[in-house]
Amino acid sequence: MRMSNAEGTVGPGSGRSRQDPVTGFFLAMRDAWLAGAVLKEALTASSIGGGNQEATPPGAGLLGPMIGVLGAMADFAAANRQRFDQPRAEPEAGSSSRGEDDAATTDLLLPIGHAMMIAANRSVSYWIGLVQIFESHQAKLAPVVSVEAIEGSAPESERLIAADELRALLREVGDLATREARILQNELSILDESLTQGFQQPDPSGSYNRRWRSKV
Amino acid sequence: MQEQSAQSVIAQLGFESEMAQLRERITHWVAGCSEELREALEWQFLTGSKYFRPLTIFSCYRAVDQGPIPELIMQSALVIELFHNVSLIIDDIVDRSPARRGRATMHTKFGELSALMTSGYIVAEGYLQLKDDLTGIALFSELLKRLGVAECLQWRLRRQPLGVEDWRKIAGEDTGSMFEICACLGDRSGQLRTFGGLLGLLYHGCDDVGDVKGLAALGGGGEEDLRDGILTLPAALAIRDPAAAKLFCGSEGGDLSELGRYFVAKLPEAENYLDKIAEEGRIEARSFAVNPAPLIALIEQTRLLSRY
């Protein structure tokens with residue numbers, strides 16, 4: 001997996017000590033994802049209970065691309081910072097000033113970072129929820145994978161119970177995904193709303209105040 | 001005790017004046033109905049309803065808006081009470097129930113023809129009351145369609161060795177759809193729809209458990225369900241035992257008292273399952289309501305229904 005390196009030395013925790021808050025923010029987010037991957041590995045290993053500890057857990061595989069994206073965002077922020085730090089020629093007449101550029105970039109980067117953080121939180125919450133669901137069904141689902149059940153020699157009543165348990169598990173996984181997606185949608189809508197309001201241009205005509213003159 | 005508890009939650013949520021207003025509106029509406037049906041309507045409407053569905057609408061509104069209950073919401077509360085009574089009248093006919101809440105059912109008192117015609121009259125009146133509330137009209141149409149489908153589904157699936165997941169599906173379409181619509185009428189955004197569905201599922205399950213406990217807790221006994229082989233929550237758990245399943249799936253006239261004992265043995269498991277549904281409801285409320293307190297109060301009130 002490629003780990004983006006914003007300033008040449010990236011390791012967990014490195015982002016928090018940076019001077020540039022935007023770069024630091026993305027690096028911190030990436031660190032959070034790395035921590036999530038470790039947590040997921042630990043949880044998966046404990047729920048497997050003696051399974052192949054060296055196999056890559058599915059969570060880590062899915063978290064990987066997100067970690068890469070966050071690293072790339074950090075690279076992007078760092079590159080922007082370098083650009084602003086370098087001495088530049090005076091802006092041409094009519095073009096925006098450096099301060100305005102800087103503010104505009106930060107205005108966009110922070111919400112993107114916020115959105116990524118929201119998505120990261122939801123994903124971690126989803127994974128933790130999944131682990132809890134599997135944990136709660138583990139004992140009841142044991143008969144499903146028993147030799148008798150697989151061979152079809154288990155009594156009909158046991159097979160019906162196992163099918164019911166399996167259906168409950170599937171429903172709970174689906175319900176969890178739907179709930180997390182709805183929460184994600186809500187949180188992004190709030191961010192969207194604040195972004196829209198932040199970019200709204202003030203009405204040049206001022207407050208609505210109808211100008212009228214008596215014709216008399 | 002049920003009545004007292006309903007009153008206390010109304011007071012707790014501060015909806016006493018809204019409930020008084022709703023009662024007044026129903027009385028006024030009945031007084032303005034056709035003279036031919038008025039006696040039957042008075043019999044149905046002017047006796048101790050718990051108004052739990054209107055309370056759900058008010059609570060869902062309060063969960064997203066702190067302001068006073070607006071006219072549109074009050075109107076929805078009136079119509080949900082009308083439609084709920086239609087479902088009771090039809091259920092009583094289908095179940096051949098002679099009594100509800102200790103009184104003769106409408107078809108027992110006035111005859112099946114009157115009961116059927118009155119229920120049609122109430123539906124038409126309900127839509128008239130909605131006036132230009134297009135969202136409300138769509139939601140009430142959805143409700144009537146789903147209730148009809150649920151009743152047929154429940155009847156088709158009787159006396160079959162099904163599971164808890166099947167119970168959940170049937171209950172979700174039956175009582176679940178009623179409370180889903182209440183939630184949508186209250187919050188008007190669809191955010192609380194799942195909460196409403198869970199509240200309905202909880203209500204249905206508590207009703208099932210209360211019936212087995214031999215109480216007329218929610219207005220009906222459980223004899224009809226037992227006799228007709230309807231899949232209740234205790235039944236779904238009990239028929240995991242092949243002996244209980246054989247009795248349950250057998251033809252009419254089997255040993256109902258023996259089957260009842262299997263159901264009673266499963267009550268602790270059913271109560272645990274209801275606790276799980278209640279927790280799902282609380283999570284929904286906390287995740288999607290601006291103010292989850294009224295919704296959590298509804299959950300707690302409903303959960304008590306099987307515990308008396």
Side-chain angles (χ1 to χ4, degrees), chain A residues 118-119 121-144 146 148-149 153-190 192-194, chain B residues 63-64 157 160-172 176 180 183 187 189-198 201 231 233 235-249 262 266 269-270 272-273 275-277 279-290 292:
Chain A
I118 288 170
N121 279 341
R122 277 305 114 216
S123 300
V124 170
S125 172
Y126 175 67
W127 281 109
I128 290 172
L130 266 189
V131 170
Q132 286 169 344
I133 289 172
F134 281 114
E135 220 164 44
S136 70
H137 284 274
Q138 212 168 26
K140 291 176 188 167
L141 280 170
V144 178
S146 69
E148 291 86 356
S153 57
E156 183 65 16
S157 59
E158 276 181 28
R159 294 177 64 200
L160 286 173
I161 294 168
D164 206 27
E165 286 299 337
L166 196 54
R167 287 172 66 196
L169 169 75
L170 297 177
R171 176 184 47 74
E172 284 178 33
V173 170
D175 286 350
L176 173 72
T178 311
R179 189 174 65 235
E180 292 295 342
R182 285 164 57 218
I183 296 173
L184 175 66
Q185 192 179 30
N186 271 0
E187 290 175 343
L188 291 179
S189 296
I190 293 165
D192 173 72
E193 183 62 28
S194 68
Chain B
V64 294
L157 296 181
Q160 288 191 33
L162 301 171
V164 175
E165 285 302 304
D166 298 290
W167 170 79
R168 210 173 156 118
K169 217 163 243 182
I170 295 167
E180 250 186 73
D187 89 320
S189 71
Q191 287 277 26
L192 299 179
R193 181 182 272 270
T194 306
F195 167 81
L198 288 166
L201 196 62
L231 189 73
L233 178 59
L237 292 166
I239 61 177
R240 289 177 162 187
D241 180 332
K246 197 176 169 194
L247 277 173
F248 182 77
C249 301
Y262 279 107
K266 286 293 174 182
E269 206 177 321
N272 285 341
Y273 194 80
D275 284 339
K276 213 174 142 191
I277 297 173
E279 186 51 25
E280 286 175 54
R282 287 185 205 103
I283 291 171
E284 266 295 312
R286 288 190 202 105
S287 303
F288 297 101
V290 178

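We name chains A, B, ... by the order of the sequence lines, and we start the count at 1 in each one.
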Problem set entry | Residue among B:Ile283, B:Val164, B:Asp241 with most heavy-atom pairs under 4.5 Å to chain A | B:Val164
Problem set entry | Point-to-point distance, once rounded to the nearest 0.5 Å, from CG of A:Asp175 to CD of B:Glu284 | 8.5 Å
Exercise. B:Arg240 and A:Ser157: which non-hydrogen atoms are nearest, and at how many Å?
Worked result: O-CB, 4.0 Å
Exercise. So with a 6.0 Å cut-off around CD of A:Gln185, is the heavy-atom count from everything else above 12?
Worked result: no
Problem set entry | Side-chain heavy-atom pair B:Thr194, A:Arg179 within 4.5 angstrom cut-off | no
Problem set entry | chain B contact via A:Leu160 - which portion, at a heavy-atom distance below 4.5 Å | side chain
Exercise. Given A:Arg171 and B:Lys169, is the side chain to side chain contact (heavy atoms under 4.5 Å, CB included) satisfied, shown in steps?
Worked result: CA-CA 11 Å; A:Arg171 176 184 47 74; B:Lys169 217 163 243 182; over 6 Å; no
For this session: Go through the atoms of B:Ile239 and report whether side chain, backbone, both or neither lie under 4.5 Å from a heavy atom of chain A.
Result: neither
Problem set entry | Toward chain A, the part of B:Gln191 with a non-hydrogen atom under 4.5 Å | both
Problem set entry | Under 4.5 Å from any heavy atom of chain A - which part of B:Asp166 | both
